[in-house]
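Here the structure is a predicted model, which is why all the values come from computation and not from measurement.
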Amino acid sequence: METIGILGSGLIGRSWAMLFAAAGYQVRLFDIEPKQVQGALKEIESQLAELEKTKLLRGTRTAKQQMALISGTTSLKECVAGALMVQECTPEILDIKMKALRDLDAVVQAPTIIASSTSTHMPSILSKDLKNKERFIVAHPVNPPYYVRLVELVPAPYTESWVAVKVRAIMEETGQVPVSLKKEVPGFSLNRIQYVILNEVWRQVADGVLDVTDVDKVMSEGLGPRYAFLGALETAHLNAEGMQSYAERYATTIHSVSSGMGPVPHMQGAVLASVDKQLCDRIPLDKLQERRQWRDAALTKLAVLKKEVEAMPKTGLRK
């Protein structure tokens with residue numbers, strides 16, 4: 001049975017531990033603090049039991065069997081010994097990540113893969129001074145990973161080609177949905193797309209087109225339901241007689257509207273104060289955790305629906 005090490009016992013680290021165990025990997029969870037390790041293991045055990053109870057547990061093993069595959073350690077050397085891959089899940093602070101990766105680099109041996117969960121830092125920056133840098137790759141999950149399955153795989157310019165292929169296969173084993181970037185770009189793919197949307201909704205509030213509640217409804221009640229199952233390009237393909245037809249009808253308008261959107265906004269000043277007030281009036285800061293729990297419950301139900309939809313015949317697609 002192959003082993004995967006996890007560096008960091010926070011939310012992302014715990015999620016990865018559950019996903020890898022569901023796929024049948026032996027998992028070693030590392031943290032420098034024994035209390036953190038023990039707390040993480042208890043939280044994982046509780047979550048697995050709840051997932052089993054609600055019939056949302058991944059994989060074919062029971063919660064007890066999956067938990068038996070997960071162990072904790074305060075020894076980094078023990079965590080990485082003989083591991084197929086080590087998934088770094090430390091806080092999204094560059095100095096902390098760089099130190100963690102240097103420590104990892106000192107004890108890891110070929111052919112172990114080093115993967116980082118970073119959402120913001122370029123792989124070439126994180127790995128440039130590592131002696132094992134040719135086996136480094138970013139494997140960026142989307143929070144919460146157990147219900148939102150996308151994982152962005154981003155190689156550095158010097159990452160060996162087999163690494164991306166192997167990590168993609170591992171992610172598919174876990175039931176995640178990997179996308180393989182052919183090169184590194186700032187923000188990767190998901191955040192670049194997310195920022196375009198965020199910038200435009202910000203402009204619409206700033207320009208007095210819509211208020212915060214209504215502009216968010218454009219996503220939750222308009223684009224969001226479609227994009228839960230179809231990407232932007234397939235949506236366009238279906239909205240006309242194919243993409244060529246869509247471009248013939250709308251390309252000029254899209255270019256004209258997009259050209260007039262204006263500069264990238266800075267999220268500051270009076271507009272920030274107004275957006276913040278509108279959001280806090282609707283979701284007070286002391287209610288954020290309750291709203292997050294509601295979000296996760298909604299994502300859970302969507303995950304169930306997506307699983308049912310995926311089992312339907314894939315009509316309209318070539319085999």
Assess, by modelled atom type and distance only, whether the side chains of T213 and Q278 contain a donor and an acceptor separated by less than 3.5 Å.
no
Find out if a path of hydrophobic residues (ILVMFWY) with successive side-chain heavy-atom gaps under 4.5 Å connects M98 to I96.
no
Strictly below 4.0 Å, N to O, side chains only: are E184 and K128 in salt-bridge contact?
no
Give me the atom names and distance for the closest heavy-atom approach of S245 to A240.
OG-CB, 3.6 Å
Are L7 and C79 packed together at the side-chain level, in the sense that at least one heavy-atom pair is separated by less than 4.5 angstrom?
no
Count I, L, V, M, F, W, Y as connected when their side-chain heavy atoms are under 4.5 Å apart, and connections chain through other members. Are L272 and L198 then in the same cluster?
yes
Is there a donor-acceptor contact under 3.5 Å from the side chain of Q176 to the main chain of V151?
no
List the atom of T174, the atom of R58, and the distance in Å for their closest heavy-atom pair.
O-NH1, 2.8 Å
Examine the side chains of Q194 and N191 and answer whether a donor and an acceptor come within less than 3.5 Å of each other.
yes
Are W202 and L279 co-members of a hydrophobic cluster defined by side-chain heavy atoms under 4.5 Å apart?
yes
Between E152 and V138, is the side chain to side chain contact (heavy atoms under 4.5 Å, CB included) condition met? List the steps.
CA-CA 7 Å; E152 296 182 290; V138 165; 5.9 Å; no
Heavy-atom closest pair, residues A236 and M243:
CB-SD, 3.9 Å
Can we say D216 and R282 salt-bridge, meaning some charged N sits less than 4.0 Å from an Asp/Glu carboxylate O?
yes
N/O donor-acceptor pair under 3.5 Å between E234 side chain and G231 backbone:
no
Identify, with sequence neighbours excluded, every residue that meets salt bridge (charged side-chain N to carboxylate O under 4.0 Å, His left out) alongside K217.
D214
Determine whether L69 and W16 fall in the same hydrophobic cluster, where Ile, Leu, Val, Met, Phe, Trp and Tyr are linked whenever their side-chain heavy atoms lie under 4.5 Å apart.
no
Evaluate whether atom CD of E241 has more than 12 neighbouring non-hydrogen atoms of other residues, nucleotides or ligands under 6.0 angstrom away.
no
4.5 Å side-chain heavy-atom contact, T74 and E33
no
Any L76 side-chain heavy atom under 4.5 Å of D103 side chain:
yes
How far apart are the C-alpha atoms of Q66 and L57, what are their side-chain angles, what is the distance that settles it, and do they pass the side chain to side chain contact (heavy atoms under 4.5 Å, CB included) test?
CA-CA 10 Å; Q66 291 184 27; L57 190 67; 3.6 Å; yes
If we ignore angles and hydrogens, is there a donor and acceptor under 3.5 Å between the side chains of Y25 and E173?
yes
Separation between CD of Q36 and CG of L29, rounded to the nearest 0.5 Å:
10.0 Å
Under 4.5 Å between any side-chain heavy atoms of T73 and V37, yes or no?
no
Could you tell me whether the side chain of F229 reaches within less than 4.5 Å of the side chain of L302, counting heavy atoms only?
yes
Got a second to check how far N199's CG is from M261's CE, nearest 0.5 Å?
10.5 Å
Around atom CD of Q109, are there more than 12 heavy atoms from other residues, nucleotides or ligands closer than 6.0 Å?
no
Got a donor-acceptor contact below 3.5 angstrom from the T112 side chain to the A83 backbone?
yes
Keeping the roles fixed (side chain from S256, backbone from T252), state whether a donor-acceptor pair exists under 3.5 Å.
no
Would you say CD1 of I32 has more than 12 non-hydrogen atoms from neighbouring residues, nucleotides or ligands within 6.0 angstrom?
no
Would a 4.5 Å heavy-atom cut-off, applied to side chains only, mark L101 and S127 as touching?
no
Between the side chains of E92 and T120, is a donor N or O closer than 3.5 angstrom to an acceptor N or O?
yes
Option from E88, H121, H140 for which side-chain hydrogen bond (donor to acceptor under 3.5 Å, both in side chains) with S116 holds:
E88
For I6 versus G13, what's the shortest heavy-atom pair and its separation?
CD1-O, 3.6 Å
Does K314 have more than 12 heavy atoms from other residues, nucleotides or ligands lying within 6.0 Å of its NZ?
yes
Side-chain heavy-atom pair M67, L41 within 4.5 angstrom cut-off:
yes
For A81, is there any backbone N or O sitting under 3.5 Å from a side-chain donor or acceptor partner on R28?
yes
Transitive ILVMFWY side-chain link W294 to I283, under 4.5 Å:
no
For S46 and K42, what are the C-alpha separation, side-chain angles and deciding distance, and is it a side chain to side chain contact (heavy atoms under 4.5 Å, CB included)?
CA-CA 6 Å; S46 174; K42 286 182 182 178; over 6 Å; no
For W162, does the CH2 atom have more than 12 heavy-atom neighbours from other residues, nucleotides or ligands under 6.0 Å away?
yes
Is any NZ, NE, NH1 or NH2 atom of the basic residue among K99 and D95 found under 4.0 Å from an Asp or Glu carboxylate oxygen of the other?
no
L56 backbone acceptor or donor facing K307 side chain under 3.5 Å:
no
For the pair D281 and K277, evaluate salt bridge (Lys or Arg N to Asp or Glu O under 4.0 Å) and give the outcome as yes or no after the intermediate values.
CA-CA 6 Å; D281 285 347; K277 183 179 185 308; 2.8 Å; yes
Check R135 with E160, please: is the shortest side-chain N to carboxylate O separation under 4.0 Å?
no
Is there a side chain to side chain contact (heavy atoms under 4.5 Å, CB included) between Y246 and I254? Walk through the geometry before answering.
CA-CA 11 Å; Y246 186 88; I254 291 170; 3.8 Å; yes
Please round to the nearest 0.5 Å and tell me the distance separating atom CG of L11 and atom CG of N143.
5.0 Å
Can you tell me how far apart CD (Q38) and CG (D31) are? Round to the nearest 0.5 Å.
11.0 Å
L299 vs P144 side-chain heavy atoms within contact, under 4.5 Å
yes
What's the shortest heavy-atom distance between I170 and F20, and which atoms?
CG2-CE2, 3.9 Å
Heavy atoms of other groups near K131 NZ, more than 12 under 6.0 Å
yes
Rounded to the nearest 0.5 Å, what separation is found between the CD atom of Q87 and the CD1 atom of I4?
8.0 Å
Locate the shortest heavy-atom distance separating I12 from P145; write the atom from each residue and the value.
CD1-CG, 4.0 Å
May I ask you to say whether E200 pairs ionically with R203, meaning some side-chain N is under 4.0 Å from a carboxylate O?
yes
So how far is it from R102 CZ to L104 CG, rounded to the nearest 0.5 Å?
12.0 Å
Just by distance, with hydrogens left out, do R168 and S180 show a side-chain donor and acceptor under 3.5 Å apart?
yes
Between N132 (side chain only) and A110 (backbone N and O only), is there a donor and an acceptor less than 3.5 Å apart?
no
